[in-house]
Trainee: 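Please read through the structure below; I'll follow up with questions.
So you know, we letter chains A, B, ... as the sequences are listed, proteins then strands, and number each from 1.
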Protein chains: 2
Amino acid sequence: MVEYPKLDLVFRALGDATRRGMLKQLAARERTVGELAEPYRMSLASASKHVKSLERAGLVRRTVRGRTHFVRLNPQPLAKADEWLRDYERLWDIRLARLEALLRHPDNEGSGR
Amino acid sequence: MVEYPKLDLVFRALGDATRRGMLKQLAARERTVGELAEPYRMSLASASKHVKSLERAGLVRRTVRGRTHFVRLNPQPLAKADEWLRDYERLWDIRLARLEALLRHPDNEGSGR
DNA sequence: TCTATATTCATCTAAATGGTTGAATATCCC
DNA sequence: GGGATATTCAACCATTTAGATGAATATAGA
């Protein structure tokens with residue numbers, strides 16, 4: 001149950017539908033910034049900022065070829081985020097299991113608040 | 001691959017170490033707002049706001065007994081977040097599997113940039 | 001009833017976020 | 001070189017966020 005360094009950036013990056021949409025696009029294949037921006041009713045500059053915040057979170061990598069910037073997914077930080085969530089799932093499972101036991105045998109469980 | 005309604009709120013709530021810390025506390029057992037606030041060098045009012053944002057995201061539930069507010073974890077939205085991440089993992093696996101295949105048999109894969 | 005306790009509410013401030021527009025940069029191609 | 005294309009940069013604005021403080025609310029308990 002470690003605290004990961006860039007988890008703030010990763011989760012905040014995921015907290016926006018535009019950026020999640022971009023990740024969805026990138027899940028299929030590499031895209032240019034222009035392609036990523038295309039589905040959204042917003043200026044290219046704004047979309048470009050979203051890409052940058054995905055990049056800062058480490059969720060995507062960029063390769064510049066000529067005037068075109070190619071963006072591809074970097075799954076590692078998302079795996080970290082998932083790992084964090086999984087840690088908690090484990091704890092909830094324990095909690096739920098204990099609750100279940102309590103419901104089945106109400107007598108042999110101590111205290112509680 | 002659905003888009004979930006409150007995913008924005010959930011991910012943004014997770015994007016803050018204080019709130020993640022509170023969830024960590026709550027993973028063990030129910031806590032009062034005061035207990036949740038205690039570990040942090042910040043006013044109770046500020047901590048209370050963090051609790052509220054966890055509540056708005058649906059990540060915790062609150063029960064008021066007398067003057068004390070008891071807060072407990074609500075795992076469902078976190079499960080949703082995890083589900084979202086898992087969808088992507090699936091896609092990355094496919095992507096990685098294809099890349100692997102490509103590396104093994106460079107000839108029989110079309111196009112790709 | 002009076003006082004202490006638990007918590008929120010209201011207001012304020014500073015910084016971050018998400019968007020805009022217009023200019024700058026770099027590349028491609030005729 | 002010069003125009004079109006791809007993208008970022010800079011400045012600006014509105015909204016949200018994270019914090020603080022002081023007052024308000026409600027309950028507990030002597």
Trainee: Of A/Met42 and A/Arg56, whose closest DNA chain C nucleotide lies nearer the 5' terminus?
Mentor: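 The answer here is A/Arg56.
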Trainee: Could you tell me the separation between the CZ atom of B/Arg12 and the C1' atom of D/dA18, rounded to a whole number of Å?
Mentor: 14 Å
Trainee: Can you check the B/Asp16 CG to C/dA16 P distance for me, whole Å?
Mentor: 14 Å
Trainee: B/Asp8 has an atom CG; how far is it from atom C1' of D/dT15, in whole Å?
Mentor: 15 Å
Trainee: Rounded to the nearest Å, what distance is computed from the OH atom of residue A/Tyr40 to the C1' atom of nucleotide C/dT20?
Mentor: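 One finds 19 Å between C1' of C/dT20 and OH of A/Tyr40, rounded.
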Trainee: Is the distance from OP1 or OP2 of D/dT17 to the nearest side-chain N or O of B/His50 less than 4.0 Å?
Mentor: no
Trainee: For the backbone of B/Gly58 and the side chain of B/Asn74, can you confirm whether one donor and one acceptor N or O come within less than 3.5 Å of each other?
Mentor: yes
Trainee: Is there a side-chain polar atom (N or O) of B/Ser43 under 4.0 Å from OP1 or OP2 of D/dA20?
Mentor: yes
Trainee: Whole angstroms only, please: what is the CG-P distance between A/Leu14 and C/dG18?
Mentor: 12 Å
Trainee: So what is the end-to-end bend of the helix from C/dT1-D/dA30 to C/dC30-D/dG1, with 5 pairs used at each end and the value given to 10 degrees?
Mentor: 20°
Trainee: Can you measure A/Arg65 atom CZ to C/dA26 atom C1' for me and round it to whole angstrom units?
Mentor: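 Nearest whole value for this atom pair: 16 Å.
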Trainee: In the 5'-to-3' direction, what one-character label does each nucleotide of nucleotides 6-12 of chain C receive under the scheme B = base within less than 4.0 Å of a protein heavy atom, S = sugar-phosphate only, - = no such atom?
Mentor: SBBB---
Trainee: For A/Phe70, is the NZ or CZ atom of A/Arg65 found under 6.0 angstrom from the centre of its six-membered ring and inside 45 degrees of the ring axis?
Mentor: yes
Trainee: A/Leu9 CG to C/dT17 C1': how many Å, rounded?
Mentor: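 Taking atom C1' of C/dT17 as the reference, CG of A/Leu9 is at 13 Å.
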Trainee: Is there a side-chain polar atom (N or O) of B/Ser46 under 4.0 Å from OP1 or OP2 of D/dA18?
Mentor: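 Negative; the distance criterion is not met.
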Trainee: Look up atom NZ in A/Lys52 and atom CZ in A/Arg56, then write down how far apart they are to the nearest 0.5 Å.
Mentor: 8.0 Å
Trainee: In whole angstroms, how far is the P atom of D/dT16 from the CZ atom of B/Arg19?
Mentor: 15 Å
Trainee: Could you tell me the separation between the OG1 atom of B/Thr18 and the CG atom of B/Leu36, rounded to the nearest 0.5 Å?
Mentor: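 Answer for the OG1-CG pair, B/Thr18 versus B/Leu36, is 11.5 Å.
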Trainee: Measure the CG-CG distance between A/Leu14 and A/Leu23 for me, rounded to the nearest 0.5 Å.
Mentor: 6.5 Å
Trainee: Applying salt bridge (charged side-chain N to carboxylate O under 4.0 Å, His left out), run through B/Glu55 and B/Arg62 and close with a yes or a no.
Mentor: CA-CA 8 Å; B/Glu55 204 179 8; B/Arg62 177 194 309 248; 2.8 Å; yes
Trainee: Considering only NZ, NE, NH1 and NH2 on the basic side and carboxylate oxygens on the acidic side, decide whether A/Arg20 and A/Asp16 come within less than 4.0 Å.
Mentor: no
Trainee: Return yes if some donor-acceptor pair links the side-chain N/O of A/Arg19 with the main-chain N/O of A/Arg12 below 3.5 Å, else return no.
Mentor: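 Such a contact is found between A/Arg19 side chain and A/Arg12 backbone.
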Trainee: Using the ring of each side chain (for Trp, its six-membered ring), is B/Phe11 parallel, tilted or perpendicular to A/Phe11, with breaks at 30° and 60°?
Mentor: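 Plane angle under 30°, so parallel.
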